[in-house]
Amino acid sequence: MATFIERLARMADTPNAVQTEGSTVPRRLVPQHIENLKAYQPGRPARHLMEELKLDKFIHLASNENSLGAPKSVQEAIVKAMAEMHRYPESGGFALREVLAETYRVKVDNVAIGSGSESIMANIIRAFLDINDEVVTSEGTFIGFYVLVNSQGSKLKQVPLKNYHFDLDAIADAVTDKTKLVYLCNPNNPTGTIFSRAEFESFIRKIPDHVLVLLDEAYFEFTMGTTEFPDSMTYRYDNVLTLRTFSKAYGMAGIRLGYGLGHDYLIGFVNKVKLPFEPNNLAQAAGIAALRDQDYLRQSLVNNDEGMKMITDEFTRLGMQYVPSHTNFVMVPYGSAEKVAALHEGLLRQGVAIRPLHAFGLPHCFRVTVGLPEENEAFIQALRRIA
Ligand SMILES: Cc1ncc(COP(=O)(O)O)c(C=O)c1O
C-alpha cells in the first residue's frame, strides 16, 4: 500500500483541480455585491519591504499597534494556557466574559467576545442586517466596517466628515425608515477625533428605537481623563452596542481578541451567529490576564502621551499642520496625494512605515502611530531629512 508521502507525491503530479485561467466556474455563483466588493488592503509585510529595500531594521508606525508589546503577565498566561491547546475552548467563553462583566458591572449575558472586535462587528452585521437594510455612517472612518457591510449586500450611506469630525447632525438627518444600523467610531480611525457628550446626547434623542447604534470604541482607553468623551458604558440605551478591543491599549493585536457590550436580547443574537469556539484558548486566557494588569495599561497610556507630544511638537517645529488626536495615532493633512506618496516612499526607504490615507477617502492625509521613544525619534529624524 502506498505511504502517505507517496500518495501526496502522486497528487502533486495530477493537474491542479483549482483552475484560475480560462475558468469554467459559472459567474452567477458569485453574488453581484461580492463581485463588486473592494477588499481591505493591508500594508505590505515588513519582511517584504526589508528584503526589497535592503534594510536591516524596520519601524512599523502604520497600523495603530502598540510597540510596547503584550504585557508580561499576558505572555505568562498564554504559556500556561498552552498546556490545554489540544482541547477546544470552553464554548461560551464564560471565564473571560465573567471578568468583563465584573469589570463593567453588567451581566455575563451583556457580553460578547470574538477574535478581534472586527469579528464581533461581522457577527453583528450577520445577525441584524438584511440585503434591503440601509446602514448610515460617516465617510473617512474604519474601512473594515465598509467592507463588512458591502459583503452583506446592504446599502451603505456615508455622510461627509465635518472638519475631520463625525457630523452627528448630518448622520441623524440621513436616517430613514429603511435604516437598520448607524455606525459611529469614537475616537475615529483615521482622524483621531472624538464627538462630545453633548453631541452624542443630542444625536441619540433623534434616533428612533428601531435603529441599532453600533459604537466602535477601539481606542477608548486613550481618552481616559477626557471628560467630554461620551464613554458608552456610562449610558444605558437598549439600542446601543459597544465594541472594544485588546489590540490597541493592551498591545495584543496579533492574538485577536475583542469584546462587545449591550442589551442581553441583542447580545444573544450576536452570540447565536458566532463561530462556537472563537476566540481560541490562548486569547481567552490572555484577555483575563490583561484586564488584571492595570500597571501595564498605565504604562501604555504614559508611553502614548509622551510619544504623542514628541511627535506633534516636531510637527509644530516643522510647520506641519496636524489634527489633534485622542488615540495612539495622529493624522496629518499633507497637501496632496502626490506629496503624501513622496513622503511615504521617502520614509520607507529609511525603514519607517506610515499610512497614506487614500483608501480611507482622505488622499491628502497620512496617519502615523505612536511608537516607542526610539521609534518616534527615528521617525522624526527621517521626517526631518525629507519634510
Ligand atoms: C476603529 C477600529 N475598529 C476596529 C478595529 C479592529 O480591531 P480588532 O483588532 O479588535 O479586530 C480597528 C483596528 O484597527 C479599528 O481601528
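Both ligands and their constituent atoms are indexed starting at 1 by order of listing.
Residues Y219 and F329 bring their aromatic ring centres within 6.0 Å.
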Residues 128-145, side-chain donor-acceptor partners within the protein, below 3.5 Å, at least two apart:
unit_1 : atom_1 : unit_2 : atom_2 : d
D133   : OD2    : D130   : N      : 2.7
D133   : OD2    : K180   : NZ     : 2.8
E134   : OE1    : T176   : OG1    : 2.8
E134   : OE1    : T179   : OG1    : 3.0
T137   : OG1    : Y183   : O      : 2.7
S138   : OG     : V159   : O      : 3.3
T141   : OG1    : N188   : OD1    : 2.7

Quick one: side chains of residues 265-275, donor-acceptor pairs under 3.5 Å with protein atoms, not counting sequence neighbours, listed by atom name and distance.
unit_1 : atom_1 : unit_2 : atom_2 : d
K274   : NZ     : P276   : O      : 3.4
K274   : NZ     : E278   : O      : 2.5

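By the side chain to side chain donor-acceptor pair (under 3.5 Å) test, R317 is found to be paired with E314, residues two or more places apart in sequence or in another chain being considered.
Aromatic ring pairs are classed by plane angle as parallel below 30°, tilted from 30° to 60° and perpendicular above 60°; the pair F195 and F166 is tilted.
Ion pairing of D216 with R244 is absent here, as no side-chain N (NZ or NE/NH1/NH2) approaches a carboxylate O to less than 4.0 Å.
For ligand 1, the protein residues within 4.0 angstrom (heavy atoms only) are G116, S117, E118, F142, C185, N189, D216, A218, Y219, T245, S247, K248, R256.
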